[in-house]
Amino acid sequence: MGFVFDVILQTGLLDYYGKVGDLTSAKRVFAEMPQRDVVANNAMISALGKHGFVEEAHNLFDGMPERNSCSWNSMITCYCRLGDIDSARLFFDRNPVKDVVSWNVMIDGYCKLGQLMNAEGLFVQMGSAKNCVTWNTMISGYVQYRDFRRAMYAFQQMQAQRVKPTEITMVSLLSACAHLGALDMGEWIHGYIRRNNFKIDVVLGNGLIDMYCKCGRVEAALDVFHGLPVKNIFCWNSIITGLGMHGYGKEAVDVFISMEKEGIKPDGVTFVGLLCGCGHSGLISIGRRYFSQMRGIYGVEPGIEHYGCMVDLLGRAGFLEEALELVRTMPMKPNSVVWGSLLRACQIHKDTKLSEHVTQQLLELDPHDGGNYVFLSNLYASLNRWDEVDMCRKLMIERGVRKTPGCSSIEVENIVHEFVVGDTSHPQFPQINAFLDRIAKELKVHGHEPDTASVLHDIEDEEKESAIRYHSERVAVAFGIMSTPPGKIIRVVKNLRTCSDCHSAMKLISKVTNIVFAVRLAYERLEASLENG
DNA sequence: ATAGGGTTAG
């Protein structure tokens, strides 16, 4: 009797050491055990696997007189953790006692490596054997690989199958909503969380804060933030970043100060949010001060992203020379983002000379980024330097560079519709097209002349005017006007920056129709908030 | 034994 008790006790100890990461002690306990049952062996396999000793785990596994599903699953987990998905699959296929965990681990292994097709294959094969972890794994896999619409769709199916979602499901979905700017869906999820008395912990709370911020509802984000009994650095960072993104730089600084008061140590992300917020609100000296205090007072080493924020902050404020000086003297090699910030500043302050220099730096740094060629080309076009415009086009063809296609999405009745430039596959495309034509005519009546200077936005297109008319955000906006009840804000998320022609056109549409648009850059700040023009 | 979060700038 005491013997069995000892085995259980020692296995417990072994498991504990494995979990806290003390492999040496785990090994010692294991070696000293007079008798090892399957549970003890499994605990050891799991501990070895966690530290990457998959060979040892494998040997132990091979020598086991008896194996259960847990033994097999531990081996699958070991190999997945190492990224050796083929070996994991071998164990999965040979496992005679596959259970739902075996499938879930395997699906997660594929998801983590971005092999979504393989993950989906198993997911489908499982049929009705899926549990809520299976669904959560697949949904989070879609979210991690930025296929947010599939994540939403999987959730609908999960509900149709009557599998109860959990807090974890909600976290993944909120992240999808944040990326898609799907406010209605995000609000619905918040409601669902409340109706089902889900516990809003730091992770779920942060999901809500981030979703509300990214969808432009900073007040709602603040409500969630203040309602959280426990906040961690993620929550603080999300709210500081969110406030700063939407022009509440002063408030972002205030939150930062209360964060300090509560004894939470800021990290690199906090400073990105804070400095960016200062930049967007023109808080130059405050931004400068925090940047200079980062290392000495807060113990956070400034990284390239912080220099990037400072270049942006100085450049926006018109201190172009100082910004350039910072780029030249920063301790690391400036990347395309840093040069890009400077370029944006040149554009705002109409410094074409510096603009040209910066764009050439960008072209050197990122010869395969089509956006750089387009920008330089547009710059030359605006200066009527057509030879150079031509040169840009030739260079692009020569180097085989293609422009990233514009893509806009809009949420209507909890469904996210996506429009890629030139893609006519949307079921309502003919109606949208006709509507766009009417808008175009209307725009002409109101004196809107298509701005052909920025036509090279679509460098590969022959028909200039129609190319502009079909930019994805316009299609999305048109669809939004057609299918949204009056009085509702039309929110569009786009992957590329809106061209000046679309921007002015949308301003005019907004003025004429009295509809408010918010076109946002994917994953970024509000690009243009057009409140009735 | 399996599933969850925040990062800026063209």
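These numbers were taken from a predicted model, which means no experiment stands behind them. Just so we're on the same page: letters track the sequence lines, and every chain starts at 1.
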Is the distance from OP1 or OP2 of B:dG4 to the nearest side-chain N or O of A:Q144 less than 4.0 Å?
yes

Look at the side chain of A:V171 and decide which nucleotide, out of B:dT2, B:dT8, B:dG5, has an atom nearest to it.
B:dG5

Give the nucleotide from the list B:dG5, B:dA3, B:dA9 with an atom nearest to the side chain of A:V133.
B:dA3

Among B:dT7, B:dA9, B:dA3, the one nearest any side-chain atom of A:D210 is B:dT7

With rounding to the nearest 0.5 Å, note down the distance linking CG in A:L204 to OG1 in A:T166.
9.5 Å

Under 4.0 angstrom, heavy atoms only, what part of the nucleic acid is A:S238 near: base, sugar-phosphate, or nothing?
sugar-phosphate

Could you check how far CG of A:L275 sits from P of B:dT8, rounded to whole Å?
13 Å

Under 4.0 angstrom, heavy atoms only, what part of the nucleic acid is A:V105 near: base, sugar-phosphate, or nothing?
sugar-phosphate

Would one find a side-chain N or O of A:S172 under 4.0 angstrom from OP1 or OP2 of B:dG4?
no

For the pair made of CG in A:D267 and C1' in B:dT8, what is the distance, rounded to whole Å?
13 Å

When rounded to whole Å, the CZ to C1' distance for the pair A:R316 and B:dT8 reads 10 Å

Donor/acceptor link under 3.5 angstrom from A:D312 side chain onto base of B:dA9:
no

Could you tell me how far apart A:M138 (CE) and B:dT2 (C1') are, to the nearest whole angstrom?
15 Å

At under 4.0 Å between heavy atoms, what does A:V202 touch on the DNA or RNA strands: base, sugar-phosphate, or nothing?
base

Could you check whether any side-chain heavy atom of A:F271 comes within less than 4.5 Å of a side-chain heavy atom of A:P266, counting everything from C-beta outward?
yes

Residue pair A:N206 / A:N232, side-chain donor-acceptor N/O under 3.5 Å
no

State, with a plain yes or no, whether a side-chain heavy atom of A:N136 is found less than 4.5 Å away from one of A:S172.
no

The side chain of A:N136 lies closest to which of these nucleotides: B:dA3, B:dT8, B:dA1?
B:dA3

With respect to the phosphate group of B:dG4, does any side-chain polar atom (N or O) of A:K112 fall under 4.0 Å of OP1 or OP2?
yes

What is the ring orientation for A:F256 with A:Y290, classed by angle as parallel under 30°, tilted 30 to 60°, or perpendicular over 60°?
perpendicular

Reckon A:N131 touches a base, only the sugar-phosphate, or nothing at all at heavy-atom distances under 4.0 Å?
nothing

Base, sugar-phosphate, or nothing: which does A:N206 touch, judged by heavy atoms less than 4.0 Å apart?
base

N or O in side chain of A:K98 less than 4.0 angstrom from B:dA1 OP1/OP2:
no

Rounded distance (Å) that lies between atom C1' of B:dA1 and atom CG of A:L48
15 Å

Contact class for A:N68 vs. all strands (heavy atom < 4.0 Å): base, sugar-phosphate, or nothing?
nothing

B:dA9, B:dG5, B:dA1: which one has an atom nearest the side-chain heavy atoms of A:S74?
B:dA1

Separation of B:dG5 atom C1' from A:L173 atom CG, nearest Å, is 13 Å

A:I239 has an atom CD1; how far is it from atom P of B:dT7, in whole Å?
12 Å

A:I45 has an atom CD1; how far is it from atom P of B:dT2, in whole Å?
14 Å

Can you tell me how far CH2 of A:W339 sits from NE2 of A:H357, rounded to the nearest 0.5 angstrom?
4.5 Å

Contact class for A:N42 vs. all strands (heavy atom < 4.0 Å): base, sugar-phosphate, or nothing?
nothing

